[in-house]
Amino acid sequence: MSKVPAYAAPSANAPLAPFTVARRDPGPHDVAIDIEFCGICHSDVHQARDEWGGSIFPMVPGHEILGRVRQVGAKVTKFKAGDRVGVGCLVDSCQDCDPCRRHKEQFCQKGGAFTYNGTEMDRKTPTYGGYSTSVVVSEAFVLKVPEGLDPAAAAPLLCAGITTYSPLKQWHCKPGDKVGVVGLGGLGHMAVKLAAAMGAEVTMLSTSRAKEADARRLGAHGFALTSDDAVFKKLAGHFDLMIDTVSAPHDLNREVGLLRPEGALVLVGAPPEPMPFSSFALIMGNKRMAGSLIGGLAETQEMLDFCAAKKVVSDVEVIPAQKVNEAYERMLKGDVRYRFVIDTASLKSA
Ligand SMILES: [Zn+2]
Ligand SMILES: [Zn+2]
C-alpha cells in the first residue's frame with residue numbers, strides 16, 4: 001500500500017481540502033498510474049455536495065483521469081511502464097453478467113465499481129478518484145490514450161467525450177446528417193466537436209446569443225436562439241438527431257418538433273425535476289426520445305482513437321488542485337470554457 005496526496009471533500013457541507021489516500025499495491029492484473037491531469041465533471045460537484053444522496057465521505061472526486069503507467073502487475077499484457085493511459089467513470093465490473101459480456105460495463109447488473117463515491121467489487125473497499133497523484137486500476141478498465149493528444153485537453157474525453165460520442169454512434173451519425181446540440185457547456189462543446197468531426201451539419205441551440213461565436217469556433221455550422229419563438233417554426237422537422245445536454249428544466253415538446261420523422265432526441269443532461277411531456281409530440285412522426293449514459297470500455301477506446309485521428313480534444317482551463325473550490329463555484333455559474341482540469345503536479349508540491 002502507498003499513501004499519496006489528494007484533494008477530498010470531508011463532508012457534504014465542507015470545501016474540498018488536502019487529503020491522503022491509500023492506494024493498493026498492484027496485483028497481477030493491475031496497472032499503477034501516475035496521474036498527470038484530472039478533469040472536473042459536473043457530477044463531481046453534485047456528489048461532493050451529496051445532492052444525489054448516498055454520498056460516501058471523505059470523497060476524492062474525479063473520473064476524467066489521465067496519466068502514465070508507473071508499474072504493471074505480472075499478468076498485465078496490454079500496458080507497460082511509460083504508456084499514456086486514461087481511466088473514466090468505471091474501475092471494475094463483474095465482467096460476467098449479460099451487459100458486461102456485451103461490452104456495456106456501464107450497465108453491469110452487479111452495479112460495477114465507480115471510480116469514486118463507490119466501492120470496489122468486494123463492496124467494502126471505498127474507491128477514490130482522480131484528484132490525486134496516482135491510482136491503481138484493473139487492466140481491463142484502463143484505456144490507451146494516443147500520444148498525439150494533448151494530455152490536459154484529452155482528460156475530459158474520459159467522461160464528457162464518451163457521454164456525447166456514444167449517442168452519436170448509437171444513432172449512426174454520418175456525413176451530411178443534421179445534428180442539433182442543445183446547450184453549450186462541458187458536454188455540449190464536446191457534442192459539437194464530435195458531431196462535426198463525424199461530418200454532420202451541426203447546429204447549436206442555445207438560450208444565449210453570446211454563445212454563437214464560440215459555437216461556430218468549435219465547429220457548429222449553424223446557430224439557433226431558443227429564446228426566439230420563430231426558431232421553432234423555421235427549424236421544424238429539420239434534425240435527424242438532437243443531443244440535449246441541458247440540466248435545467250426546459251420544453252422537450254418544442255424540441256421534438258424540430259426532429260424530422262423518425263428522428264431522435266437523446267437526453268444526456270439531467271434536470272433534477274421531471275419535465276412535462278406530450279405523447280403526441282412523438283407519435284406524430286414516429287419520433288424517438290432516449291437517454292444515454294457514458295459508454296462501455298470498448299466504445300470509450302474507440303472514441304479515444306477517433307479523437308486522435310480527428311484531432312479532437314476538449315477546450316480546457318488547467319488549474320492547480322488548490323483552486324478546486326473556486327472552480328466548482330465558477331462551473332455552477334457557467335464561467336468556464338469548457339472544462340476545468342486539475343494539474344496534479346500541484347499536489348506533489350503541496
Ligand atoms: Zn463525469
Ligand atoms: Zn457485470
Side-chain angles (χ1 to χ4, degrees), residues 9 16 29 35 37-49 51-52 55 59-66 86-123 127-132 135 137-138 140-141 143 152-167 183 185-191 194 243 245-247 267-270 272 291-300 303-304 307 313-316 324 327-328 331-332 336 338-342:
L16 277 75
H29 297 283
I35 300 172
F37 297 99
C38 184
I40 300 180
C41 176
H42 261 276
S43 64
D44 297 354
V45 183
H46 293 302
Q47 293 179 86
R49 296 182 176 180
E51 289 166 359
W52 293 343
S55 283
M59 181 192 303
V60 177
H63 58 206
E64 294 181 341
I65 297 172
L66 200 134
V87 177
C89 301
L90 293 167
V91 289
D92 206 355
S93 76
C94 84
Q95 302 192 58
D96 190 42
C97 69
D98 180 62
C100 282
R101 285 170 189 264
R102 291 187 294 110
H103 305 291
K104 308 278 182 190
E105 296 88 353
Q106 71 272 38
F107 307 131
C108 176
Q109 289 169 347
K110 302 263 168 65
F114 290 100
T115 302
Y116 71 88
N117 193 26
T119 57
E120 299 284 355
M121 293 308 286
D122 65 9
R123 292 296 172 241
T127 53
Y128 296 106
Y131 299 6
S132 168
V135 66
V137 179
S138 170
F141 289 78
L143 297 141
L157 298 178
L158 278 308
C159 175
I162 186 60
T163 297
T164 46
Y165 179 88
S166 182
L187 291 174
H189 99 289
M190 285 313 308
L194 290 166
I243 309 284
T245 72
V246 177
S247 56
L267 308 178
V268 295
S292 188
L293 171 76
I294 55 172
L297 271 292
E299 191 176 47
T300 306
M303 177 275 306
L304 289 166
C307 286
V313 286
S314 188
D315 282 22
V316 298
V324 68
Y328 278 16
M331 270 170 75
L332 293 173
V336 56
Y338 280 92
R339 204 68 150 177
F340 285 112
V341 172
I342 295 170

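Remember, it's 1-based here, ligands and their atoms both numbered in the order they're listed.
- The Zn ion (ligand 1) forms the vertex of an angle spanning SG of C159 and SG of C41; to the nearest 10 degrees it equals 130°.
- In this model, no donor atom of one side chain and acceptor atom of the other lie less than 3.5 Å apart for D44 and Y328.
- Note that the CZ atom of R102 and the CZ atom of F107 stand 8.5 Å from one another [nearest 0.5 Å].
- Among the backbone and side-chain atoms of C89, none of the N, O or S atoms lies under 2.8 Å from the Zn ion (ligand 1).
- With the Zn ion (ligand 2) as vertex, C97 SG and C108 SG subtend 120°, rounded to 10°.
- A salt bridge links D96 to R101: at least one charged side-chain nitrogen sits closer than 4.0 Å to a carboxylate oxygen.
- The Zn ion (ligand 1) lies at 2.8 Å or more from every N, O or S atom belonging to H42.
- The aromatic rings of Y338 and H189 lie parallel to each other, their planes meeting at an angle below 30°, with 60° marking the opposite boundary.
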